[in-house]
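Contents: one structure, followed by commentary.
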Amino acid sequence: MVAEAIDVSLEESRSALAGGGLDIDAAEKLVENVIGTYGLPFAVATNFRINGADVLIPMVIEEPSVVAASSKAALMVREGGGFSVEVDDPRMIGQIQVFVDDRDNARRGILDAAPRLMELAARTDETLVEIGGGPTEIEVREVRGDGNGDGFLVVHLVVDVRDAMGANTVNTMSEAVSPLLEEITGGRIGLRILSNLADRRRVKVSADIPAAALAIDGFSDDAVLDGIVSASRFAELDPYRAATHNKGVMNGTDAVILATGNDWRAVEAGAHAFAARDGTYRPLCVWRRSDGGALSGFLDMPMAVGMVGGATRLHPAARLAIRIIGSSGVSGLAAAAGVAGMANNLAALRALATEGIQRGHMRLHSRSRMLER
Ligand code: MEV
């Protein structure tokens with residue numbers, strides 16, 4: 001069925017997934033000292049409608065009920081027209097640390113030289129520039145330190161990395177501009193590395209769900225809706241709860257990141273740093289009652305994903321996962337990871353606010369396994 005929906009032959013999809021999708025030769029191209037490969041379930045979540053199009057979502061995860069819960073929540077969202085998603089241009093930030101005494105003067109020098117610095121960075125990846133990407137901006141931030149003279153400047157080199165996750169590109173560019181930065185500032189260069197707080201590259205998801213679509217035995221539709229809004233407020237007001245709330249979001253998001261061969265540590269690091277951006281750890285997805293009496297959800301988080309490097313290219317199952325999501329490119333991939341996060345959060349809060357997670361999720365798990373038989 002999945003093979004038909006994505007126009008892949010059954011044989012092709014079977015061979016992409018055989019043996020966990022990765023043979024020893026491919027594994028050795030990825031990392032060092034390989035002694036085997038390690039399998040995880042590869043599943044497909046259904047019912048997702050994203051910006052008016054139906055999308056199947058591949059998930060790799062070991063936790064029971066995440067796939068069933070996502071699919072069920074996606075069906076509820078579908079009742080209200082589906083997920084609306086905006087994905088930022090794929091801009092990543094390279095950080096170059098500069099130790100210099102006269103920071104004001106150094107800052108002015110760096111900003112005056114911004115076109116030269118960007119030109120130098122662009123020369124390291126002319127192909128990227130040809131396809132419409134490349135450096136877009138130079139920013140200078142001052143980190144003051146604790147008053148013992150340990151402050152410094154941080155230069156942010158913002159790069160549109162197109163279809164890549166961008167770590168390699170940005171790291172190469174950050175190193176390439178450093179000698180010129182040293183010359184301009186007369187300072188000393190410290191670290192040169194990408195920032196995983198990818199806040200220029202976010203996915204924003206919204207959804208309106210009619211109360212009737214949330215129905216659950218023994219509870220009025222309005223009670224379920226109010227319970228979800230109250231659970232959202234709990235996470236907004238208490239970091240202990242926000243951590244668990246966001247773990248539910250990441251259940252869905254990470255499963256897509258892993259299926260598509262992307263760097264889930266990078267997405268995790270970005271998500272949690274973003275969640276704590278104003279000094280308090282907060283939920284990545286919040287829920288409200290809309291004026292029309294529906295449940296409105298909003299998710300906003302960094303999503304640094306690519307489809308051209310590393311495992312996304314070398315892992316046959318990751319390539320299949322990217323095909324399952326469809327032809328919408330890297331922004332479609334970011335959208336899929338975002339909606340999977342929101343769907344999981346909705347399913348978890350609906351269960352928690354009513355019959356409890358154990359009963360609801362375990363029932364979903366056994367039901368979906370029976371369906372497979
Ligand atoms: C379990 O993997 C995830 C949940 O704890 C998320 C939540 O509490 O919102 C159910």
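In each ligand, atom 1 is the first atom listed, and ligand 1 is the first ligand listed. Any value given below was found using the heavy atoms of this structure, including those in side chains, with hydrogens, waters and symmetry copies removed.
Close approach of ligand 1 to G248 is summarised as follows: ligand atoms under 4.0 Å from at least one heavy atom of the residue are 6 (C). The I357 neighbourhood of ligand 1 comprises atoms 10 (C), with distances under 4.0 Å to a heavy atom of that residue. Of all atoms in ligand 1, listed by their number and element, those nearer than 4.0 Å to a heavy atom of L352 are 7 (C), 8 (O), 9 (O). Near E63, the atoms of ligand 1 lying under 4.0 angstrom from a non-hydrogen atom of the residue are 1 (C), 2 (O). Remark: ligand 1 atoms within the under-4.0 Å shell around heavy atoms of K247 are 1 (C), 2 (O).
For R265, the CZ atom sits in a packed shell: over 12 heavy atoms of surrounding residues, nucleotides or ligands are nearer than 6.0 Å.
The residue N345 has no part lying near ligand 1, judged by heavy-atom distances below 4.0 Å.
We find that R14 and E11 are not joined by a salt bridge, their nearest charged nitrogen and carboxylate oxygen being 4.0 Å or further apart. One finds a salt bridge joining D88 and K204 here, because a Lys/Arg side-chain nitrogen approaches an Asp/Glu carboxylate oxygen to under 4.0 Å.
Of the N and O atoms on the side chains of S220 and D222, not one donor lies less than 3.5 Å from an acceptor on the other residue.
For ligand 1, the polar-atom distance check against R241 finds a nitrogen or oxygen pair separated by under 3.5 Å. Here's the thing with H245: none of its N/O atoms is less than 3.5 angstrom from an N/O atom of ligand 1.
By the ring pair (Phe, Tyr, Trp, His ring centres under 6.0 Å) test, F99 is found to be paired with F152, residues two or more places apart in sequence or in another chain being considered. For F234, there are no ring pair (Phe, Tyr, Trp, His ring centres under 6.0 Å) partners at least two apart in sequence or on another chain.
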